[in-house]
Amino acid sequence: SKARQILERELNDIKILDENIFEYIASIADDVDAQNFDQNDLMESICPFLISAGLYETEEAEQKVKKITELIKSSLNIQPKKIYTKFDHQSKPQLLDKVVRMKDKESHSKAELDDMWGTDKIRKQINQVKDWDHHVSKKDLRKAEKEQEKFLADLEKLTGGIEDEGDEDVSMMVIPDYSSGKNEKDIHVNNFGIDIGGLVILEGADLKLSFGRKYGMIGKNGIGKTTLLRHMASYNIEGFPRHHRVLHVKQEIKPSEKTVLEVVIESDIERSKLLEESKVIAERASSLSAEETKKDAIRSQQIYDRLVQIGADTAESRAATILHGLGFTEIQMHSTTNSLSGGWRMRVSIAGALFIEPEVLMLDEPTNHLDLEAVIWLQEYLKNYPKTLLLVSHDRSFLNEVTTDIIHLHDKKLNYYKGNYDTFEKVREEQLKNQIRAYEANKLQRDHMQEFIDKFRYNAKRASLVQSRIKALDKMEEISEVSEDIPFNFTLPEPTAIGNMILGVEGVSFGYDAVHGLLFKDLHFGVDMKSRIAVVGPNGAGKSTLLNVIMDKLSPVSGFVKRNPNLKIAAFTQHHAEQFDYRLNAVDNMMKMWPLVPEQEMRSFLGKFRISGNIALRPLKFLSGGQKSRVAFASLAFSKPHLIIMDEPTNHLDMETINALVKALQDYKGALICVSHDQHFISQVCDEIWVVKQGNCTRFDGSFSDYKKSIIAAKKL
């Protein structure tokens with residue numbers, strides 16, 4: 001519609017920030033036409049969303065909507081409503097034939113009353129919510145969750161950029177211009193900025209990357225880390241050198257009929273284009289003149305030299321070595337990518353990036369879809385990466401093992417720290433302490449001088465002293481107060497006493513069907529209130545399946561799971577939001593789970609997780625990923641479980657939230673079983689390692705550090 005086109009143009013910044021909010025606003029505009037146009041309705045419907053998005057103050061939002069309504073009126077050719085100064089023939093008062101009683105008019109049809117009072121629209125909205133409540137499915141919830149994950153991530157989107165050249169492209173990389181620059185290996189770009197639709201991501205920032213260093217980039221979720229990587233990969237930063245091969249890995253490749261090995265080898269676009277050009281030159285050789293043959297000979301030599309430089313002759317063996325390290329078997333390497341799950345396709349993306357070996361390799365949360373074995377292999381591989389590495393990750397141990405420097409994206413600037421993440425934390429903490437001390441000393445000195453001025457301002461004998469103090473105060477630098485974010489913390493209540501042994505697995509075997517056989521067989525183990533168990537093993541070995549059997553979501557084909565009759569189990573997974581109704585707010589979701597709890601008590605409980613005020617009353621669909629996680633933590637805590645089961649709980653959580661979760665679990669008095677690839681998380685909260693592999697589940701005899709060493713030795717790194 002014309003109204004939607006106007007919104008597309010005028011509210012592009014909202015669309016970039018949150019496509020869900022924009023679509024809701026646009027749906028209002030879709031219903032607008034010349035007959036039902038109402039400026040006040042649009043004002044009341046759209047303004048609150050512009051304000052809640054944080055892009056406009058109240059006055060600015062009203063002005064923006066006013067402008068939009070004027071444009072819509074103009075495009076729809078809506079004339080101002082006629083104001084009658086005299087009665088025309090239609091509006092003249094009419095003398096009725098008889099007395100009309102209002103009571104007689106109570107027989108209006110429902111449709112007429114709806115039209116009169118506007119209740120038809122209200123009823124329609126209520127019915128939509130009811131329809132959602134009664135027909136919601138896990139598929140709908142998963143779809144809604146994926147949409148919500150865009151809430152902060154949409155800040156990371158570019159308004160333009162590089163389009164995919166093919167379905168199998170595994171990376172964002174532009175062919176470099178080797179004729180530019182002086183082949184400097186370091187990258188220095190001073191005083192640049194990134195602005196997306198009016199949203200400033202970076203301002204007056206400096207980018208400094210020394211060749212061969214390994215940088216970890218950190219910052220709050222949604223602050224713009226991925227945006228920076230994409231701008232670098234597309235050379236979309238003024239002054240960024242164009243003679244480097246710069247690669248930013250996508251989340252996962254698209255499925256196709258090509259084999260895994262083919263996709264990885266073809267991911268090097270430059271190699272593919274050079275080979276294609278060489279083939280064209282060879283095919284036309286017989287039909288060229290002497291001069292043209294000479295030119296082709298020179299170009300052929302250039303192509304050959306470049307192919308040697310990028311190791312084109314060893315392509316297949318290098319690709320196979322990388323794929324093997326990431327857990328691919330020989331059969332998987334030669335299978336088509338459309339037979340792989342999303343997690344395995346992510347591994348293909350990483351393999352393609354490592355195969356290309358660009359001058360600047362940028363990996364964005366590379367561990368999210370990897371199992372622990374693959375994470376440790378990748379970690380060891382990247383330690384020896386010969387060129388520049390820029391890594392975004394929430395895995396503290398991964399950053400500590402790989403990085404030589406930390407880049408902190410904060411307050412629209414890039415701040416650089418030598419050392420790994422632990423070193424950064426120590427230096428940052430000391431910096432904050434020094435800034436606080438400097439602020440307090442400065443404030444004390446200024447307050448003392450101001451007190452003297454105020455006390456003797458009207459004392460003639462002290463006039464000269466007062467004037468000197470005023471001048472000194474004016475010249476004195478005023479140090480701003482340090483604004484520290486209060487770290488998020490929460491606690492898990494102590495469970496009720498039910499005895500020490502809470503769960504036993506006796507001779508359990510499980511398989512989904514006869515074709516694929518058993519995932520594991522004849523398992524025997526027990527869980528008590530002090531158990532802190534990490535379940536590890538390759539993807540597809542049956543780790544998550546084992547958790548579902550323990551929770552009675554799946555039934556074993558043989559054996560049984562014996563549970564204490566009073567046992568309460570609570571689960572937290574990377575898809576923790578599945579349990580919620582996205583149309584309801586946090587309070588209503590919690591009340592839906594525990595309907596007998598007073599609402600005020602539930603509000604107070606959510607407040608402990610920083611879900612209060614407007615946030616507690618906002619539909620979950622419009623909460624950030626971190627806020628949804630806190631609602632999930634509140635749900636977990638309110639259930640007071642004896643056993644907590646977690647499946648990749650750190651995926652999609654930022655560092656602060658992971659730290660809060662670790663601290664809460666360390667103080668928790670119940671049992672814990674978790675599947676995780678996060679080394680820091682496992683080492684901090686678990687003291688037993690169970691390995692699910694080749695149809696069995698065995699307890700590893702040793703510490704987590706010993707287990708890591710055994711993986712490295714097995715991979716021969």
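Bear in mind that the values here come from a model prediction, so they are computed numbers and not experimental data. Because only heavy atoms are used, hydrogens play no part in the values below, and waters and symmetry mates are left out as well, while side chains stay in.
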Output, in order, the C-alpha distance, side-chain angles, deciding distance and verdict of ring pair (Phe, Tyr, Trp, His ring centres under 6.0 Å) for Phe700 and Trp690.
CA-CA 6 Å; Phe700 180 79; Trp690 292 358; over 10 Å; no
Residues Asp588 and Lys592 bridged, charged N to O under 4.0 Å
no
Note to self: Given 3.5 Å as the limit, does a donor-acceptor pair link the side chain of Glu648 with the main chain of His677, or not?
What the structure shows: yes
### Message
Please tell me whether Thr337 and Ser256 have a donor and an acceptor in their side chains that are separated by less than 3.5 angstrom.
### Response
yes
Practice problem: Scan side-chain atoms only and decide if Thr657 and His394 contain a donor-acceptor pair under the 3.5 Å cut-off. | Solution: no
Applying side-chain hydrogen bond (donor to acceptor under 3.5 Å, both in side chains) to Asn539 and not counting sequence neighbours gives none
Do Asp647 and Ser544 have side-chain atoms, one donor and one acceptor, less than 3.5 Å apart?
yes
- Task: Could you tell me whether Glu373 and Lys693 make a salt bridge, using a distance below 4.0 angstrom between a side-chain N and a carboxylate O?
- Result: yes
Exam field: side chain Asp654 to backbone Lys220, donor-acceptor pair closer than 3.5 Å: no
Test side-chain contact (heavy atoms from CB on, under 4.5 Å), reference Ile689, set Val535, Ile682, Leu372, output is Ile682
Residues passing the ring pair (Phe, Tyr, Trp, His ring centres under 6.0 Å) test with Phe609, sequence neighbours excluded, are Phe490, Phe605
query: Tell me, do Ile407 and Asn415 make a side-chain contact under 4.5 Å, heavy atoms counted?
result: no
Checklist line | Test item: His524 side-chain N/O and Glu506 main-chain N/O as donor-acceptor pair under 3.5 Å | finding: no
ask   = Going by atom types alone, do Thr403 and Asn420 pair a side-chain donor with an acceptor below 3.5 Å?
value = no
Worksheet item: Has Gln694 got more than 12 heavy atoms of other residues, nucleotides or ligands less than 6.0 Å from its CD?
Response: no
- Where the side chain of Asn400 meets the backbone of Tyr421, is there a donor-acceptor pair that is under 3.5 Å apart? yes
Does a side chain donor of either Gln379 or Gln679 reach within less than 3.5 Å of an acceptor in the other side chain? yes
Using modelled atom types and a 3.5 Å cut-off, is there a donor and acceptor pairing between side-chain atoms of Arg532 and backbone atoms of Leu665?
yes
Discussion item. Quick check against the 3.5 Å criterion: does Ser676 have a side-chain atom that pairs as donor or acceptor with the backbone of Asp678?
Written reply: yes
*Distance only, no hydrogens: is a donor on one side chain within 3.5 Å (strictly under) of an acceptor on the other, for Glu425 and Tyr417?*
no
Side chains of Thr259 and Thr336: do they bring a donor and an acceptor to under 3.5 Å?
no
Separation between CD1 (Ile406) and OG1 (Thr423), nearest 0.5 Å, reads 8.5 Å
May I ask you to say whether Lys426 pairs ionically with Glu429, meaning some side-chain N is under 4.0 Å from a carboxylate O? no
Cationic tip of Arg699 above Phe525 ring, under 6.0 Å, 45° of axis: no
So, Lys530 and Asp687, do they make that salt bridge, N to O below 4.0 Å? no
